[in-house]
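As structure tokens, the structure follows; a few thoughts come after it.
Chain letters run A, B, ... following the sequence lines, proteins first and then strands; every chain starts at 1.
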Amino acid sequence: MTQMNMVSAINDALRFEMRNDDRVVLLGEDVGKLGGVFRVTAGLQKEFGEDRVIDTPLSETGIIGTAIGMALGGLRPVPEIQFGDFIYPAVDQLVSEASKYRYRSGGEFTCPMVVRVPVGGGIKGGHYHSQSPESMFIHTAGLKVVCPSNPFDAKGLLLASIRDNDPVLFFEPKRVYRALKMDVPEGEYTIELSKAKVVREGEHVTLVAWGAMLLEAIAAAEEVKEQGIEVEVIDLRTLWPVDTETVVASVKKTGRMVIVHEAAKACGLGAEMVAQICEHAFLHLQAPPRRVTGWDTPFPYTLENEYLPLAHRIVPALIETAKF
Amino acid sequence: MTQMNMVSAINDALRFEMRNDDRVVLLGEDVGKLGGVFRVTAGLQKEFGEDRVIDTPLSETGIIGTAIGMALGGLRPVPEIQFGDFIYPAVDQLVSEASKYRYRSGGEFTCPMVVRVPVGGGIKGGHYHSQSPESMFIHTAGLKVVCPSNPFDAKGLLLASIRDNDPVLFFEPKRVYRALKMDVPEGEYTIELSKAKVVREGEHVTLVAWGAMLLEAIAAAEEVKEQGIEVEVIDLRTLWPVDTETVVASVKKTGRMVIVHEAAKACGLGAEMVAQICEHAFLHLQAPPRRVTGWDTPFPYTLENEYLPLAHRIVPALIETAKF
Amino acid sequence: MNLETKPGSIPPGTASKKIVGVLDFDGRADPETDPKLDLATARRIYEAMLRTRAIDARLMRLQRQGRIGFHVGCEGEEAAILASAAAMRDQDWLFPCYREVGAALYRGLSLQTYIDNMYGNANDIPKGRQMPDHVTARAQHFSSITAPIGTQITQAVGFAWAAKIRKQDVVTATYFGDGATSSNDFHAGMNFAGVYQTPTLFLLRNNGWAISISSEQQTHSRTYADKGVAYGVPAIRVDGNDALAVYGVTRAAVERASAGGGPTFIELVTYRTGAHSSSDDPTAYRETMESEEAQKRDPLRRLRRYLDRQNAWSDAEQTAAEEKITSELSVCIEKAEAAPAPSIASMFEEVFEDMPAHLVEQQAECVNGPRTRKRH
Amino acid sequence: MNLETKPGSIPPGTASKKIVGVLDFDGRADPETDPKLDLATARRIYEAMLRTRAIDARLMRLQRQGRIGFHVGCEGEEAAILASAAAMRDQDWLFPCYREVGAALYRGLSLQTYIDNMYGNANDIPKGRQMPDHVTARAQHFSSITAPIGTQITQAVGFAWAAKIRKQDVVTATYFGDGATSSNDFHAGMNFAGVYQTPTLFLLRNNGWAISISSEQQTHSRTYADKGVAYGVPAIRVDGNDALAVYGVTRAAVERASAGGGPTFIELVTYRTGAHSSSDDPTAYRETMESEEAQKRDPLRRLRRYLDRQNAWSDAEQTAAEEKITSELSVCIEKAEAAPAPSIASMFEEVFEDMPAHLVEQQAECVNGPRTRKRH
Ligand SMILES: Cc1ncc(C[n+]2csc(CCOP(=O)(O)OP(=O)(O)O)c2C)c(N)n1
Ligand SMILES: Cc1ncc(C[n+]2csc(CCOP(=O)(O)OP(=O)(O)O)c2C)c(N)n1
Ligand SMILES: [Mg+2]
Ligand SMILES: [Mg+2]
């Protein structure tokens, strides 16, 4: 056990798996000599060489397109997109190609790769260094999306993702990168994908969150506890394919759900979970399932703490839902 | 009044507005000499010349990037993306640029343009000539999305879209292109954006659809009428910003909603409308609001009629919802 | 200061526009450029070109009869496709566009498998999920054909790069059209191949058209080969209707790549004599090619004349070959038409390696739900 | 056949690698290339370069003090930016990357407006919605700065194209870095500009780095200017630290574009002497530039020496100019720090021209909802 923040836990996972499996290669802008703009890949080029930790030209199209080719060619590439906001030039390769390769080839080809993507707000990044683009990749059949909320999960989920035989988008909440440290085991362990975690039990409301908003969810849960509202907090961990079962079981117990995400509201994962709850637990609902999300505006710079669904916005939603 | 199919109605609208407003220019792959692979722009280059109906190189990035520049420069570009499936190379310009220009410039710049996009299944197009990519653009604040279901609406909505001062994605359901003819007035008329239309009144279930699925919705409504179920069918027409008011009013009346779309289920507009109904009409709901959509798989070729949410799949959803 | 007179102001890239050729229109080989192909290979290439043309003609007829939904062929481009594929070694990989199914057949894909794909039936490798002509042929080292233009290009670079990293002697060749040079993936793929010196061949079929856009409208560069300059990737123009020239240049590029010499960009100058696809009517945008000229340039005719000069082919062989493919096709078509559609359950398979809960649920809903009255 | 010996196999693009220059390190002008700039303009450019450098230094200090959140400056690249901007006519438009705010100031953007942007306060034109240095300056014919690399390039082409279609004499210039040449929009923008002969200048600031990636790692092309060949766009390399050379070449390109001569690609060879931005620490990936060499190349020093030779600038003027910008900055900073944050309501405005129902609702929810205890 060592105390690690999320940056060092991810670095540790990458180092472990690169030692363990020589098919794993990293590529991306500034990931090599610099070790990434967030230093997540620091020291890895030194250990594994320029052939396995590759500084690329400034082209997300090229990074993902060649990573797919590498995966087809038997490697396990872990490309990095420097910020989630810059994934759009790679969308064609992700949506048209990576997601459909297995399906359209009748299983002859697969694209096992993990696209590491720092996402989310909380670093004063404005429009283009703050977004959370999970929804469009969830909507695209054939992609998995993972988003850890803490260092321990980050390592276990990343190792599981690299070993998965399908393309995974691994979203790293920038706001959590250095925000907390915790005990992280050395060596190997994995956390199964598509398994949510009940991080706090409660009887009155189910609160679904992930990534950087998990801490806000827990803070809000603590706050409403003073008013006698017991909140069950679920960390989705894998956003897609989502663990419907765990969420539904909880809502069947509490009869109420609030879901929190940074991304804009319209057609976000919040909408999807509300719809799923209606499909699977309608008769258990004692209050309208409710979303606390980023607003349907571009992500602003100065007012980011008014944009984000922080605890101060989750609390009234919990209270209203509990008292409905 | 002339009998027109949707192709000729759109052609007529473009011709009208190009005569009326010399800022309107068309650009795209094969839109000029060929008149578009669906012949929607047939004859327009002949009338308006190569400067206003422009055959472009094969680059959606270039088409949308330069169209944004044209819009900033005072034109009213109407770029065409040959198939909705090929919009992905233009996603960065649409999501990062067109949608945010007004906001990020404090209103100093705007991108009035209409991106015409043939979408949807029903033409045996398989993975890459069938998709309906509205959800990701709805999720992106700052874009409008329109999708007509018939020739009359197509003309009126297109004229309104070209005159709108924000970027509009105008989705044209390929399956409807030549499927029906109807009376379309010559000359000018517009249909206000963000106004849905109740195309059939009913007491028992609200059925929300648009584009090519509207006819399927109506067929399904007719079919269940025999069982005494009166369905209120709403044609959204503008997908975003959506006319929540009309849908909510109907659901408050019927207490039940089924929504239909071709796109995959996860994080589609169906999820969003279910969530909105929960937010605005929860206490009126007498049955779980329900989605009948494309499956969460890539769009298949041979089995497309099993993939699409055609009447045979809408009918049982209506019956179960009505009888819930 | 007048830019026109400044050094550097004239675009660089003033290298030869010359097009490498071997065969003249009468099938005489230029001894300077002749790759001295063994006759067995030359015959094999010719036969494959013949088969490909016959298959295209038959499939287009099937499409017109409404028996298949779509076809995209390669009439006029057979030498560009088959002679280049023939120059690749067994361990090498092809990353095709949509016109190169002939190359997969050349490499051993069974005709039945191809025809099953045209029908999208249960025996189709992609299980009827893709449009006709979008085959996948792993055993033939042939990737899965896709529709979005250009995306295979960066993938071919990545695949070659993986081989280089793993120190395996594998070269990749990616095919694409003149229109595809405008794509994002052409730009990124060429750039990455240059920077990392991957063993990749960029095989541009410059067939004069991208649907209705002529290759002159597509770019203002003097030649397409000139685009190699932007990436430091050596480029060469070849007569794409001259099977021997295509073979020779491709083979040399394979050898260079295999020896660690990096990528090559090959502009195969050819012509799409037919429509873009079964959906296209070219009379709307171009004159038909002056037929005598087209015939003279015809890649089949030129290679046939070459073989004739070596006494390596005969009319009898021609007839036999034509009859063989005709009857093979008939058998395959009959079998494909008799095959069932893919199962409804299969629509939900292979989205992921393991089927997740939501697809298990959707699969059950679909399989147990009502059936459409529409046929598939 | 050996490719190496084939015609066409050596990459074309063997034109001059020569870099156009006017000033030597001592400020002597080469009479052959001297654009013979009037002294008033030369002084204006020098003063703007001086101001820009002083502003950058001050803003970086503010960032270090935690008074602003971010800064990206242009130390070392002042000539490339300001002399090119000075060569554009009033009716022309700039489509900047993020290092060219100095050009907006040169064209009349008020310092206060810029500093308000650095603070993202209520007086900021984009209302604190964008990060610092992402200004927008319509009155100065300067588009809205964006972060995604390259996207402004196609927009600049489209804007110029619109002017051409409307027969207006407007030239656009777009700035971007060496890293941006790898972007999709560079490829598409250059291609469209070539095909439609739009009046567009592509101003590449080749400053040696894209964050930690050196310009040699970014591409295998011999020079960046060589990339013009791929698009038939005339290209020229210029010493980007030589204000007179930059001015002369840019001006000639503007005149050609205005006369219908189409686009020009200008490689401004310069060097990023500072960090990429306030978030970057370059010691992790590069040696600091040998300081004497850097000083010699310094664009300010070279232009100053030139002015000195013409007796067109003095130490007294230098001191006065420096004091002026220092005190102007202090005033602006004080005012900016005193200004309130943008209103919460404003966060929902200008997403669309008219506020749709869902944003009216969200605005009310936010404005009337609880406030965070976190400051903004
Ligand atoms: C990204 C994308 N945009 C548009 C299309 C539609 N489309 C299919 S083929 C084609 C023309 C391709 O021309 P070229 O690359 O020259 O290949 P060719 O058909 O001539 O072999 C177009 C525009 C597509 N498939 N993908
Ligand atoms: C599409 C995209 N990818 C990545 C980034 C992150 N990023 C910001 S600046 C930069 C380097 C840009 O280098 P260059 O184009 O040479 O411009 P310079 O900073 O040197 O002026 C990178 C990678 C981005 N802004 N946009
Ligand atoms: Mg072509
Ligand atoms: Mg740079």
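Proximity to chain B involves both the backbone and the side chain of D:Val351, based on heavy atoms less than 4.5 angstrom apart. For B:Lys144, the parts sitting under 4.5 Å from any heavy atom of chain D are the backbone and the side chain alike. Of the atoms belonging to B:Ser105, heavy atoms from both backbone and side chain fall under 4.5 Å from chain D. Heavy atoms of D:Asn184 lying under 4.5 Å from chain B belong to its backbone as well as its side chain. Both the backbone and the side chain of D:Ser143 come within contact range of chain B, with heavy atoms under 4.5 Å apart. For B:Gln93, the part lying under 4.5 angstrom from a heavy atom of chain D is the side chain only. Both the backbone and the side chain of D:Met347 come within less than 4.5 Å of a heavy atom in chain B. For D:Phe352, the parts sitting under 4.5 Å from any heavy atom of chain B are the backbone and the side chain alike.
For the residue pair B:Ala160 and B:Ile191, the shortest heavy atom distance occurs at CB-O, 3.2 Å.
When each of D:Ala193, D:Ala162, D:Ala163 is checked for heavy-atom pairs under 4.5 Å with chain B, D:Ala162 comes out on top.
Side-chain contact of D:Gln155 with B:Tyr101: a donor-acceptor pair under 3.5 Å is present, judged by distance alone.
Judged by a 6.0 Å distance limit and a 45° cone about the ring axis, D:Arg129 is positioned over the six-membered ring of B:Tyr103.
Here the two rings, on D:Tyr175 and D:Phe95, have centers that are 6.0 Å apart or farther.
Note on D:Asp178 versus D:Arg205: no salt bridge recorded, every NZ/NE/NH1/NH2 to OD/OE distance being 4.0 Å or above.
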